[in-house]
Undergrad: 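Questions regarding the structure given below will be posed in turn.
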Amino acid sequence: MALRFYNTLTQQAEIFSPLQDNVVRMYTCGPTVYNFVHIGNLRAFTSQDILRRWLRARGYRLDHVMNITDVDDKIIRNAAAAHKSIFDYTEGYTKAFLEDTATLRLERPERLVKATDHIDDMASAIHKLEERGYTYRSDGSVYYRIANFPEYGKLSHNDFSGIRAGARVDVDEYDKADARDFVLWKAQKEGEPGWETPLGPGRPGWHIECSVMAMKYLGETLDIHAGGVDLIFPHHENEIAQSEALTGKPFVRYWLHSEHLIVEGQKMSKSLGNFYTLRDLLEKGYSPEAVRYLLASVPYRKKLNFTFDGLKAAATSIERLRNYKIRLETSKFPEGSNEKMTERTRAAQNAFEAALDDDLNTAEALAAVFEYIRDTNTAMDSGEFRAGNVQEALDYLARFDAVFDVLCPSASAAGLSEAEIEALVAERSAAKKAKNFARADQIRSELAEKGVVLEDTKEGVRWKRL
RNA sequence: GGCGCGGUAGCCAAGUGGUAAGGCAGAGGUCUGCAAAACCUUUAUUCGGGGGUUCGAUUCCCCCCCGCGCCUCCA
């Protein structure tokens, strides 16, 4: 089954193949670094991480560009309030963003690019748009005239044909000829940061950075452009208008948009008190893997209802996966190999791949893994699962984890060393042999307090950290 | 109003024109010094409501109800 993605542009699932060879050139809209990213942002970035990993699993090489918006109204406002330059102000949140995404095990894109490093490129692009007659000036600012781009609206599927240039709307406030026109270059105002360019002093509008940086690094036509659904209009619509006006070529072949996350059934907002950053959740004691699992477990085009029950369920689900892996690694199985198990593994692998090929259906992919685990656990209990089947099962888990990446626990800061744990385990075994169960239980609870769980099995005691 | 997404068991959630995946939680059981892990059984005659098409619809069509997003810079 071929890899397919739902394309916002065509409103259909389409078979994916890159324009050139096996390299996927993709661009994703990164953060505006005026604050810590919240779990809604991270849902989108997690979807993109799953996308990245699955493309690689399917044999593609990636050239992925993500932008960091480090100049915009909110940044200017907040930096001024903090009495900092926008550079000092955004530096801290850029660093925090990189830390948070690393904590969530999100792969770094091949290129991370900042808007402020590309001011000249943007000014040139705007100048070129002026030459081509797509713009007009007003009070030192440059606007894009959407009336000159007939295809405007093709991504968001809005019909703007009724809007005529010259039908002035909110003239006093915006100085725009048309309500849908958008700013390419903002004239510098008193006390605001600005750049000297042939366009005059000012700063870029939001949309131009993505068009310019995407095409600078990836060429005039990208394979994939991804972001949250809220960016479809106006941001991505405007990117198309800018880019295609510049090149006359299709800007993006596959537009992928992830749905929003809601919290306990409601829109996440600071006023409702249900606004969370990753840092908030870690402080409450949840693991990064649990957050990652929850964000990844709902297919990206579905709204994700983020709940604390769900977060706990995610943590328990991860435990089940890890316990299974530990069982594979530590148990003794009968000699030989069972061909039926090999076939079962192959079927599970096929189901997993088919699910992700189908527009990254992560829920179905997880179902394939859990069904396999239940079946092989049963086979282990009955003795049908043989030593010769261990490696294929571990390989399957590895392929699962190459995408979901939740099996390896995050390093806990404190705790006992392995040697200390082993010593206590040995002491407890001796106490048990001597029927000193009081001491045995005492050691169990001591270790439990330090996050180490003991399990007595036929093959002896095994322990794991929580 | 326009465009778009969705309403499936206590919760999260997959799915298909042919009779409901998976996870979590709950109940009972096997195993166990206790526990853990694991397994087994059990939890939707039913997929927001009402019509229609069909041999047959949760899945297609129509209407209605409810929730959500976007419609000037929010993933």
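Computed from a predicted model, the values in this text were never measured in an experiment.
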Undergrad: Generate the contact string for nucleotides 30-36 of chain B. Rules: B means base contact, S means sugar-phosphate contact only, - means no protein heavy atom under 4.0 Å.
TA: ---BBBB

Undergrad: Of the candidate nucleotides B/rG23, B/rG69, B/rC3, which contains the atom at the shortest distance from the side chain of A/H157?
TA: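 The answer is B/rC3.
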
Undergrad: Just how far, in rounded Å, is C1' of B/rG4 from CG of A/L9?
TA: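 So the two atoms are 15 Å apart, to the nearest Å.
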
Undergrad: How does RNA chain B read in dot-bracket, base by base from 5' to 3', with Watson-Crick or G-U pairs under 3.5 Å and | used when the partner is on another strand?
TA: (((((((..(((.....[...))).(((((.......))))).....(((((..]....))))))))))))....

Undergrad: Would you mind building the protein contact string for nucleotides 6-11 of chain B? One character per nucleotide, 5' to 3', B for base within reach (heavy atoms under 4.0 Å), S for sugar-phosphate only, - for untouched.
TA: S-----

Undergrad: Nearest whole Å is fine: how far is B/rG69 P from A/R43 CZ?
TA: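 Going from A/R43 (CZ) to B/rG69 (P), I get 15 Å.
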
Undergrad: In whole Å, what separates the P atom of B/rA36 from that of B/rC68?
TA: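 Looking at atom P only, B/rA36 and B/rC68 are 42 Å apart.
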
Undergrad: Could I get the full list of side-chain hydrogen bond (donor to acceptor under 3.5 Å, both in side chains) partners for A/N148, not counting sequence neighbours?
TA: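 Checked A/N148 against side-chain hydrogen bond (donor to acceptor under 3.5 Å, both in side chains); zero matches.
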
Undergrad: Taking side chain as C-beta onward, heavy atoms only, is A/L222 less than 4.5 Å from A/M26?
TA: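 Side chain of A/L222 against side chain of A/M26, heavy atoms only: no contact under 4.5 Å found.
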
Undergrad: My understanding is that only residues two or more places apart in sequence, or in another chain, count here; which of them pass salt bridge (Lys or Arg N to Asp or Glu O under 4.0 Å) with A/D375?
TA: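 Applying salt bridge (Lys or Arg N to Asp or Glu O under 4.0 Å) to A/D375 gives A/R344.
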
Undergrad: Within residues 364-372 of chain A, which residues have any heavy atom lying less than 4.0 Å from an atom of RNA chain B?
TA: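 Of all residues in residues 364-372 of chain A, the ones placing a heavy atom under 4.0 Å from RNA chain B are A/E364, A/A367, A/F370, A/E371.
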
Undergrad: When you compare B/rA13 with B/rC65, how far apart are their C1' atoms, in angstrom units rounded to a whole number?
TA: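 Result for the C1' pair: 23 Å, nearest Å.
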
Undergrad: Could you list the residues that satisfy ring pair (Phe, Tyr, Trp, His ring centres under 6.0 Å) with A/H64, not counting sequence neighbours?
TA: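 Ring pair (Phe, Tyr, Trp, His ring centres under 6.0 Å) list for A/H64, sorted by chain: empty.
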
Undergrad: Going by ring pair (Phe, Tyr, Trp, His ring centres under 6.0 Å), name the residues that satisfy it together with A/F275, two or more places apart in sequence or in a different chain.
TA: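 So A/F275 forms a ring pair (Phe, Tyr, Trp, His ring centres under 6.0 Å) with A/H38.
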
Undergrad: Answer yes if the ring centres of A/F400 and A/F370 are under 6.0 angstrom apart, and no otherwise.
TA: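 So the answer is no for these two rings.
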
Undergrad: How far, in whole Å, is B/rG49 from B/rC11 if one measures between their C1' atoms?
TA: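 Comparing C1' positions in B/rC11 and B/rG49 gives a spacing of 23 Å.
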
Undergrad: Taking salt bridge (Lys or Arg N to Asp or Glu O under 4.0 Å) as the test, write out the residues that go with A/R439, two or more places apart.
TA: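 A/E427, A/E446.
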
Undergrad: Are OP1 or OP2 of B/rG67 and a side-chain N or O of A/K267 less than 4.0 angstrom apart?
TA: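 Checking A/K267 against B/rG67: no side-chain N or O falls below 4.0 Å of OP1 or OP2.
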
Undergrad: With 3.5 Å as the limit, what N/O pairs link the protein to nucleotides 18-20 of chain B?
TA:
none

Undergrad: Hey, which of these two, A/Y293 or A/G40, hits RNA chain B nearer its 5' end, going by closest nucleotide?
TA: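 Final value for this comparison: A/Y293.
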
Undergrad: RNA chain B: A/D73 or A/S317, which has the more 5' nearest nucleotide?
TA: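 Nearest nucleotide further toward 5': that of A/S317.
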
Undergrad: Using ring pair (Phe, Tyr, Trp, His ring centres under 6.0 Å) as the criterion, list what pairs up with A/W195, not counting sequence neighbours.
TA: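 A/W195: no ring pair (Phe, Tyr, Trp, His ring centres under 6.0 Å) contacts found.
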
Undergrad: With C1' as the reference atom in both, quote the distance from B/rA25 to B/rU42 in angstrom, rounded to an integer.
TA: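 These two C1' atoms come out 14 Å apart once rounded.
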
Undergrad: Going by the side chain to side chain contact (heavy atoms under 4.5 Å, CB included) test, name the single residue among A/L51, A/L55, A/D49 that passes it with A/R53.
TA: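 Answer after filtering A/L51, A/L55, A/D49: A/D49.
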
Undergrad: Calculate the interatomic distance between A/I50 atom CD1 and B/rA75 atom P; express it in whole Å.
TA: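 Checked: the CD1 to P distance equals 20 Å.
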
Undergrad: Applying ring pair (Phe, Tyr, Trp, His ring centres under 6.0 Å), can you list everything that pairs with A/Y293, at least two apart in sequence or on another chain?
TA: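 A/Y293 satisfies ring pair (Phe, Tyr, Trp, His ring centres under 6.0 Å) with no residue once adjacent residues are dropped.
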
